[in-house]
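Below is one structure, written out as structure tokens; the observations come after it.
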Amino acid sequence: MPELPEVETIKRSLNKAIVGQTINDIEVRDYKLFRGKRHDVLGAKIEEIERRAKMLIWKLSNGKYLLFHLKMTGQMLYDSEDHKLIAGGGHPDSVYLKKPPHEFTHIIFTLDKGHLYFNDLRKFGWIKILDENGLKDEVAKLGPEVDWPEFTFKYFVTAMNRKAKTKVKTVLMEQSLIAGIGNIYSDEILFKAKILPTRLVRELSQSELRVIFDNIKPVLELAIKHGGTSLKDYRQLDGSQGDYLHFANVYHRNDQPCKVCKTTIERAVVNGRSAHFCPNCQK
DNA sequence: TTCAATGTTTAGAC
DNA sequence: GGTCTAAACATTGA
């Protein structure tokens, strides 16, 4: 799914749009994506929306939590009573922009002032109903968020060195070490740090690790500022696309000229994922 | 027809 | 135990 900036974008919109509303109904069209009992959350009020790694957490008034993972193609769209939702505009034939509910809408929440649609073309995403202990278990294996005080350079070096024989791109995406970085932003961070994604961690000098560390937060923050990256499926809460792809230096830009030096951007497969890099700027 | 797509998990090999 | 790869989940579109 969406990585940290995309989920953070949705989280911020949800906090403005649906906090304070009551869950009056949940229509589950596909139980594959819904883990829990509806009646545990019906009638509860949504008190707060949080993000942990790439997951969304709805904190409810009855002590329960709804945990969401959008995986690769999940969408969360809100259609308020005044119909500000713009999904469907411009590209009526695309399954990604159809006005919900449609055949890829699997869960529908009826709130006080509108409907919240959980769409997922590939059906990898899920929703779980959890109590406080269940939530704790779910997040226990995750590394720190990059904006937590414990995400220090010292922690970063220790965490990276635990995977010394692994390629640096793969380690950056390891959720148990650092929460929230995925395929897009690992490429972008490594471009900014001028490090090839295929380098092994143990070959990296202290100063190279420092440059990577120093670029993590700025890259993610810039992406949040632009509402995340829309490749195909990802949408903001109102259905609009994230704009960061226009600012990406390497992601999805293979065979195009590097924005810095004009060298052709290359693509390689690293641990089963596409890695994009500039063979001149990155060493 | 084949391949790739924002993610995670799991099985098997070394 | 670590780490790699491939495959699985399901679907579309180039």
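Everything numeric here is computed off the predicted structure, so don't read it as measured data.
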Under 4.0 Å between a side-chain nitrogen and a carboxylate oxygen: does that hold for E138(A) and R52(A)?
no
Spacing between [X] atom [atom1] and [N] atom [atom2], to the nearest angstrom:
X       : N       : atom1 : atom2 : result
K169(A) : dT5(C)  : NZ    : P     : 14 Å
H276(A) : dT6(B)  : NE2   : C1'   : 12 Å
N271(A) : dG2(C)  : CG    : P     : 16 Å
E8(A)   : dT6(B)  : CD    : C1'   : 16 Å
L70(A)  : dA10(C) : CG    : P     : 17 Å
Q236(A) : dT6(B)  : CD    : P     : 19 Å
D120(A) : dG7(B)  : CG    : C1'   : 11 Å
H69(A)  : dC9(C)  : NE2   : P     : 19 Å

Which class fits the ring pair F109(A) and W58(A): parallel under 30°, tilted 30 to 60°, perpendicular over 60°?
tilted
Separation of the [atom1] atoms in [N] and [M], to the nearest angstrom:
N       : M       : atom1 : value
dA5(B)  : dC4(C)  : C1'   : 22 Å
dT2(B)  : dA7(C)  : P     : 14 Å
dT10(B) : dA10(C) : P     : 16 Å
dG1(C)  : dT8(B)  : P     : 24 Å
dA6(C)  : dA4(B)  : C1'   : 16 Å

For dA10(C), the Watson-Crick or wobble counterpart (both distances under 3.5 Å):
none
Counting Watson-Crick and G-U wobble pairs only, both distances under 3.5 Å, name the nucleotide matched with dT6(B), or none.
none
Hey, is the side chain of [X] poking within less than 4.0 Å of OP1 or OP2 on [N], counting only N and O atoms?
X       : N       : answer
T73(A)  : dT11(C) : no
K54(A)  : dT8(B)  : yes
R122(A) : dA5(B)  : no
S274(A) : dA4(B)  : no
K123(A) : dT11(C) : yes

More than 12 heavy atoms of other groups within 6.0 Å of K283(A) NZ
yes
Looking at [options], which one has an atom nearest to any side-chain atom of [X]?
X       : options                 : result
L121(A) : dT11(C), dT6(B), dA5(B) : dT11(C)
Q175(A) : dC4(C), dA4(B), dT8(B)  : dT8(B)
T166(A) : dT6(B), dC4(C), dA5(B)  : dC4(C)

What do you reckon, do F124(A) and the base of dA10(C) stack, with centroid distance below 5.5 Å and planes below 30°?
no
S176(A) and K141(A): side-chain donor and acceptor closer than 3.5 Å?
no
Go through the side-chain N and O atoms of Y65(A) and E50(A) and say whether any donor and acceptor fall under 3.5 Å apart.
no
Assess the pair F118(A) and H106(A): is the distance between their ring centroids shorter than 6.0 Å?
no
